[in-house]
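Take a look at the structure set out below.
All ligand and atom numbering here is 1-based and tracks the order in the structure.
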Amino acid sequence: MTAPDISFVVPLYNEEENLPELAAEIRATMARLGRPYEVLFVDDGSTDGSLEALRALGAADPHLRILRHRRNAGQSAGLATGFRAARGRIVVTLDADLQNDPADVPRLLDELERGYDVVSGVRVERHDSWTRRFSSRVANSVRNWATDERITDVGCSLKAYRREFLDHLPMFGGMHRFLPTLVRWNGARVTEVPVRHRPRLHGVAKYGIGNRLFRALADLFAVRWMRTRWIDPRNAEEVAVRPARTPEGE
Ligand code: UDP
Ligand code: MG
């Protein structure tokens, strides 16, 4: 297989029923695009048949790679594992539950071609419960206000990155809610595109308001602190040294 240009990173926890369809949709999109790619499925310690489903899919498709966590470690950990293993110069992230539509990926890639470094999806018609949509809206506003950010929908996992902007980021549990902000601190030009969102047909949502709110708030304080201590890589440059000229004739 030629070296991948695009690495899909898909963290998953107990999504066995969604995986065959997701793999097929990614394959169909990439067949249309005709660019070399790989798909990194990160099994975050699933207790259902997800790993077996992945093994079966991987046996039939050389584009798939399977990584796994011994214990459930969360969506951010899954992303971090995928980022480390990704070989493409572009990384595309999406959820495994089929709520994101791989058919939107070409639109994200177009924005990278246009010169942006990171493209974040905005779910235009969101198919989640009223309480989930409302809590997301509040969370986005508070997060934007507290981190001087203006991302419309950070909870949309469908995003595309130039790899170099992920290589030097601090990785921590909860960081997936701050990725556009963290990359921007390293100089990334970030843009947003509208994307589709679909209802979850199989499996269950892993988050409710309770397990999101308090951790996300604690992370917000951590990220605010981090901003005051951020080491901006753009501050550093290598100084060119001209070799000393040797006197004529020596
Ligand atoms: N996920 C994971 N580890 C976890 C929780 C979730 O890898 O501990 C995955 C999950 O399988 C899905 C993505 O992260 O692919 C987003 O989770 P979910 O769909 O439950 O979140 P929501 O769409 O409700 O925000
Ligand atoms: Mg979901």
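- When only modelled atom types and interatomic distance are considered, Gln99 and His197 share a side-chain donor-acceptor pair under 3.5 Å.
- In this structure, a donor-acceptor pair under 3.5 Å is present between the side chains of Thr81 and His69.
- A side-chain donor-acceptor contact under 3.5 Å links Ser46 and Asp43.
- A side-chain donor-acceptor contact under 3.5 Å links Asn140 and Arg143.
- The 4.0 Å heavy-atom shell around ligand 1 contains residues Pro11, Leu12, Tyr13, Glu15, Asp44, Asn72, Gly74, Gln75, Asp95, Ala96, Asp97, Gln99, Arg132, Arg200, Ala205, Lys206, Tyr207, Arg212, ordered by chain and number.
- Distances from the Mg ion (ligand 2) under 2.8 Å pick out these protein N/O/S atoms: Asp97 OD2, Gln99 OE1.
- With rounding to the nearest 0.5 Å, the separation of CZ in Arg84 from CG in Leu67 is 10.5 Å.
- The line from CG of Leu158 to CG of Asp101 is 8.5 Å long, rounded to the nearest 0.5 Å.
- Taking Asp44 as the reference, nothing meets the salt bridge (charged side-chain N to carboxylate O under 4.0 Å, His left out) condition, with sequence neighbours excluded.
- In this structure, Leu79 is a member of the same hydrophobic cluster as Leu166, with clusters built from ILVMFWY side-chain heavy atoms closer than 4.5 Å.
- Residues that satisfy the salt bridge (charged side-chain N to carboxylate O under 4.0 Å, His left out) test with Glu238, not counting sequence neighbours, are absent from this structure.
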